[in-house]
Amino acid sequence: MTKDATLAIVVPCYNEEDMLPQSLPVLLQTLDSLIDKAKISADSRLYLVDDGSRDNTWALIDRACDAHDGRVVGVKLSRNKGHQNALLAGLEATDEDIIVSIDADLQDDPSNIERMVDEYHAGNDVVYGVRAARDTDTFFKRFTAEGYYSLMRKMGVDLVFNHADFRLMSRRALNALLEYRESQLFLRGMVREVGFPSSTVEYDRQSRAAGETKYPLRKMLSFAWHGISSFSTAPLRAITLLGIIASGLSLLMIVWVLGTRLFTDNAIPGWASILVPLLFIGSVQLLSLGIIGEYLAKMFEELKQRPRYHLERIKTSKPRENDV
Ligand code: UDP
Ligand code: MG
């Protein structure tokens, strides 16, 4: 791991016209200062991925490529494919030795990249950015996030607590990650699967400086469930357990009903004893079918082996071998 390692910073951007004018100079400045300190090679680059934005994002990226001779690479996807796919497209476009992924909104302060690069030079292949405090989050987001991470851990999924997608990877770690062919990505879980020496860098997350979040509650919940169903079959096991418990309870109820009928005089067939097991078993069955259906749907999606994105353009002012 030499000091002339090249660095790529990869930034997925979706409708970030309000944010890019602020984040671009900061990110370029981060690169420059690392080069000045001789921590990375002068041949390092910023990759901006336009994830099918509907606003002026590509025009801004296009201009940045022209303005910063060879320092900025623009990657344009054919349509909006979501944060994880956009990030993957950026990662696959790089050929640098060190790769850092970061959001466009400066919530993860780019000044922490220097500490990540130091960790890389200390021999780590993966450096996870970990949020020290969640002060800038609402109580709701903090509460659900904490519950989620501990639920994932209980189900045997190895996640770094409070780590999202702000991280550094070495070329060999990234190459290993790119061997994973699933079409529905949960990168923070996949990187853990890859292994290699790793460390963490703690930082305070800021709130978004401009534009609005592209992850409303609905998307957040769906991403959370996707993380669980891609990495754990525990919910299927839970169904079996629920089924066993429900059967046990029904058995007890049957014994009680029969006992009342055969050995007592107050055997007025009550609606409760019919309704309770009916509702209970009915709901357990529905829930179970739903969860099994979710996994089936996932298998269906993966079976299709569709490409995860299509490139419309790669733009850089310096000629590169893998231009399209
Ligand atoms: N993003 C993307 N495609 C999408 C949604 C988001 O590339 O479909 C990018 C977005 O531009 C940002 C990053 O993913 O750089 C994280 O999104 P955001 O900040 O809105 O999420 P939050 O921080 O609120 O979870
Ligand atoms: Mg954000």
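Note: hydrogens, waters and symmetry copies are ignored here, and every other heavy atom, side chains too, is used. Given the structure is predicted, the values throughout are model-derived calculations rather than measurements. We count ligands from 1, going down the list as the structure has it; atoms in each ligand are counted the same way.
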Could you tell me, atom by atom, which parts of ligand 1 come under 4.0 Å of a heavy atom of [X]?
X	answer
A104	15 (O)
E16	10 (C), 11 (O), 12 (C), 15 (O)
P12	7 (O), 9 (C), 10 (C), 11 (O), 12 (C), 15 (O)
N80	3 (N), 4 (C), 8 (O)

Starting from [atom], what is the nearest protein heavy atom, named by residue and atom, and what distance separates them?
atom	value
atom 18 (P) of ligand 1	R208 NH2, 3.5 Å
atom 24 (O) of ligand 1	T213 OG1, 2.5 Å
atom 14 (O) of ligand 1	H83 CD2, 3.0 Å
atom 19 (O) of ligand 1	D105 OD2, 2.5 Å
atom 25 (O) of ligand 1	Y215 CB, 3.8 Å
atom 23 (O) of ligand 1	Q107 OE1, 2.9 Å

Under 4.5 Å between any side-chain heavy atoms of L168 and I113, yes or no?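 Side chain of L168 against side chain of I113, heavy atoms only: no contact under 4.5 Å found.
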Just to be sure I'm reading this right: ignoring hydrogens, which of D51, L48, N15 gets closest to atom 4 (C) of ligand 1? Compare them by their nearest heavy atoms.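 The nearest heavy atom belongs to D51.
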Should one rank M19, K214, K81, R205 by closest heavy-atom distance to atom 6 (C) of ligand 1, which comes out on top?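 The residue whose heavy atom sits nearest atom 6 (C) of ligand 1 is K214.
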Within 45° cone of Y215 ring axis and under 6.0 Å: K219 NZ or CZ: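 Yes, a cation-pi geometry.
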I'd like to know if [X] pairs up with [Y] as an ion pair, taking the criterion as any Lys NZ or Arg NE/NH1/NH2 lying under 4.0 Å from an Asp or Glu carboxylate oxygen.
X	Y	result
E96	R171	no
K81	D51	no
E202	R131	no
R205	D103	yes
R79	E312	no

Whether Y215 has an N, O or S atom under 2.8 Å from the Mg ion (ligand 2):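 Within the cut-off used here (under 2.8 Å), Y215 places no N, O or S atom near the Mg ion (ligand 2).
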At less than 2.8 Å, would any N/O/S atom of D105, backbone or side chain, sit next to the Mg ion (ligand 2)?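 Yes, D105 qualifies, because one of its backbone or side-chain N, O or S atoms lies under 2.8 Å.
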Does D103, backbone or side chain, put an N or O under 3.5 Å from an N or O of ligand 1?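 Looking only at distances, the answer is no, because the N/O contact criterion of under 3.5 Å is not met.
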Is Y14 in polar range of ligand 1, meaning some N or O pair under 3.5 Å apart?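 Between Y14 and ligand 1, an N or O pair is found under 3.5 Å apart.
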Given side chain to side chain donor-acceptor pair (under 3.5 Å), test K304 with S183 step by step and report yes or no. CA-CA 9 Å; K304 286 190 282 193; S183 52; over 6 Å; no
S150 side chain to G147 backbone, donor-acceptor under 3.5 Å: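 Looks like yes, one N/O pair under 3.5 Å.
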Please determine, by modelled atom types, if S33 and D36 share a side-chain donor-acceptor pair under 3.5 angstrom.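 The criterion, which ignores hydrogens and geometry beyond distance, is not satisfied for D36 and S33.
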